[in-house]
Amino acid sequence: MGATVVVGGQWGDEGKGKIVDYLASRADVVIRYQGGNNAGHTVVVRGEEHRMHLVPSGIFYGKTSVIGNGVVLDPGVLTREMAYLESRGISLEPLRISECAHLIFPYHLRQDALEEEQKGAARIGTTRLGVGPCYQDKSARIGIRVIDLLDDEAFPELLRRNLDLKNSLLRRVYGDPGYSDEDYREMLAKYREYGRRMAPHVTDTVPLIEQAVRGGGNVLFEGAQGTMLDLDHGTYPYVTSSHPVAGGACIGAGVGPTLIDRVVGVVKAYTTRVGDGPFPTELLDETGAAIRERGHEYGTTTGRPRRVGWLDLVVVEVARRTSGLGALALTRLDTLAGLERVRVCVAYRHKGRRLEAFPHSLKVLAECEPVYEELPGWPELSPRVRRWEDLPEEARGYVRAVEELSGVPVGLVSVGRDRVETVELADVFAPRSASCADGAARL
Ligand code: IMP
């Protein structure tokens, strides 16, 4: 029982959606704590595929599903997701939206695109969904929150003020035409309509989260993106504008660190990255292309092909340390099947020197060569495998090697896309000292 944070241990797209979905059926409350609709996850429930960007997957099980204060919300996307869920017969009654979450406006999307274009070759490769500019406004203390949207008097003034500010930026810096009075009136009407749609779900989410945790419920904090995209701990500046690491849950959900019981890191059996920036284990050969095709490694949000590489445990070490990982959920073991040999990066070599720690200089990182350990590959996996002992010996060897080399026990192994296609080695919600199937202490 207790509060569990699920974080991405790589550059995002580790399969958090599936793992959170797997755990959500046993949780009482599921909370998204950062990011926006730049994240996307595909959840497969009883063979039916659902693509979600904002609403936590707890909604599929009727569990309280919270969009926390740390999330930046595009209300157009959210209300479309709400309509989709209703059309599938899924009740929105358990949806709670933090009144302190900041809102994305059309000018954030425009600013995102213009900033990227201006950077030219130095662009970050953002999703251009306005997430970064919205967080910029939050830090600049000019952001508009959900609670402001629901204030009929204050909202028109705040929107007017922000449009004036953005117009001067867009026109003077970027030579963009900016927004007219008519645009303002349209935006105002549209956002008021979004506000009306969201209003029944809007609340101060912080007390309800505390009550759930103190009441002994299973509370799941769902991070978006991954450790390497963290604003502080990732490959800056090729990062997102929020904090996917476990500490982000404290800020983005308003929960005290002493109330968090454990952190599970979701790690894919290989590595992927979308957007620009160094990627030491990147595979630019046929093996990389084959993994991309087998794994349908194309962004859920943007459709961009993901860059693919071997599992990089130097990266996972950053996740272990910055989030205090107690267990790993290792995903996509099925995708990596069928290869004769597989590789795992255990260190980097830089100018003849072995580096065990992740370098924060991007220049050094770009010059690093991975030091690999090679392991036998495993045959195709049956998605019906549920027990550890039914996994091929070589696949078990890979899992054990990941545990040993990362120093973090594996609690879950994913062998397919559907939530049930999972091998559970330990109950992720069990008390910390609980044992896993083979008797070793896990969490
Ligand atoms: P932004 O979050 O749109 O500002 O993009 C910043 C960086 O984070 C870019 O490299 C994006 O590709 C990456 N990014 C943002 N969200 C995700 C995600 O959910 N998965 C993987 N990469 C992401």
Side-chain angles (χ1 to χ4, degrees), residues 6-20 32-43 51-57 70-74 77 81 102 104-105 107-119 121-139 222-245 248 252 265-268 270-279 282 292 295-309 312 315 319 331-332 362 365:
V6 177
V7 301
Q10 293 154 317
W11 273 283
D13 309 315
E14 299 90 350
K16 292 179 299 297
K18 138 114 195 217
I19 297 300
V20 169
R32 244 309 276 286
Y33 61 81
Q34 44 72 232
N37 56 305
N38 49 353
H41 53 249
T42 308
V43 174
R51 280 172 188 237
M52 307 300 288
H53 296 284
L54 287 165
V55 179
S57 37
V71 172
V72 288
L73 255 189
D74 184 326
V77 175
E81 255 171 44
H102 279 246
I104 295 179
F105 285 86
Y107 50 78
H108 290 128
L109 278 77
R110 202 178 284 184
Q111 198 180 329
D112 205 347
L114 290 167
E115 281 176 2
E116 281 284 271
E117 274 152 33
Q118 199 193 38
K119 285 189 179 118
R123 71 182 182 276
I124 287 157
T126 75
T127 56
R128 300 191 178 207
L129 294 168
V131 170
C134 185
Y135 278 118
Q136 284 176 34
D137 284 3
K138 179 176 178 176
S139 299
E222 173 184 2
Q225 289 90 39
T227 304
M228 282 296 140
L229 292 172
D230 186 276
L231 189 54
D232 274 71
H233 302 290
T235 43
Y236 191 90
Y238 298 100
V239 292
T240 194
S241 314
S242 63
H243 296 288
V245 298
V266 184
V267 167
K268 192 144 59 175
Y270 49 93
T271 309
T272 59
R273 157 159 223 189
V274 267
D276 298 278
F279 180 177
E282 184 166 14
R292 175 162 42 250
H296 311 289
E297 291 291 0
Y298 294 88
T300 320
T301 304
T302 58
R304 287 182 288 179
R306 295 180 184 141
R307 299 157 68 194
V308 175
D312 186 341
V315 161
T331 62
R332 298 291 202 138
L362 283 194
L365 183 61

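Both counts, for ligands and for their atoms, begin at 1 and track the order of listing. Predicted, not measured: the structure shown is a model, and the values here were computed from it.
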Problem - Distance-only polar pair, side chains of Asp137 and His108, donor-acceptor under 3.5 Å - result: yes
Completion exercise
Contacts of Glu115 meeting salt bridge (charged side-chain N to carboxylate O under 4.0 Å, His left out) (sequence neighbours excluded), chain-then-number -> none
Problem - Neighbouring protein residues of ligand 1 - any heavy atom closer than 4.0 Å - result: Trp11, Asp13, Asn38, Ala39, Ile124, Gly125, Thr126, Thr127, Gln225, Leu229, Val239, Thr240, Val274, Gly275, Arg304
Handout entry: side chain to side chain contact (heavy atoms under 4.5 Å, CB included) evaluation trace for Val239 with Asp230
Key = CA-CA 6 Å; Val239 292; Asp230 186 276; over 6 Å; no
Exercise for the section: Taking the six-membered ring for Trp and the full ring for Phe, Tyr or His, determine whether the centres of Trp11 and Tyr238 are under 6.0 Å apart. Expected result: no
Exercise for the section: Taking all non-hydrogen atoms of both residues into account, name the closest pair between Glu117 and Arg128 and its distance. Expected result: OE2-NH1, 3.2 Å
Handout entry: More than 12 heavy atoms from other groups under 6.0 Å of OH on Tyr298
Key = yes
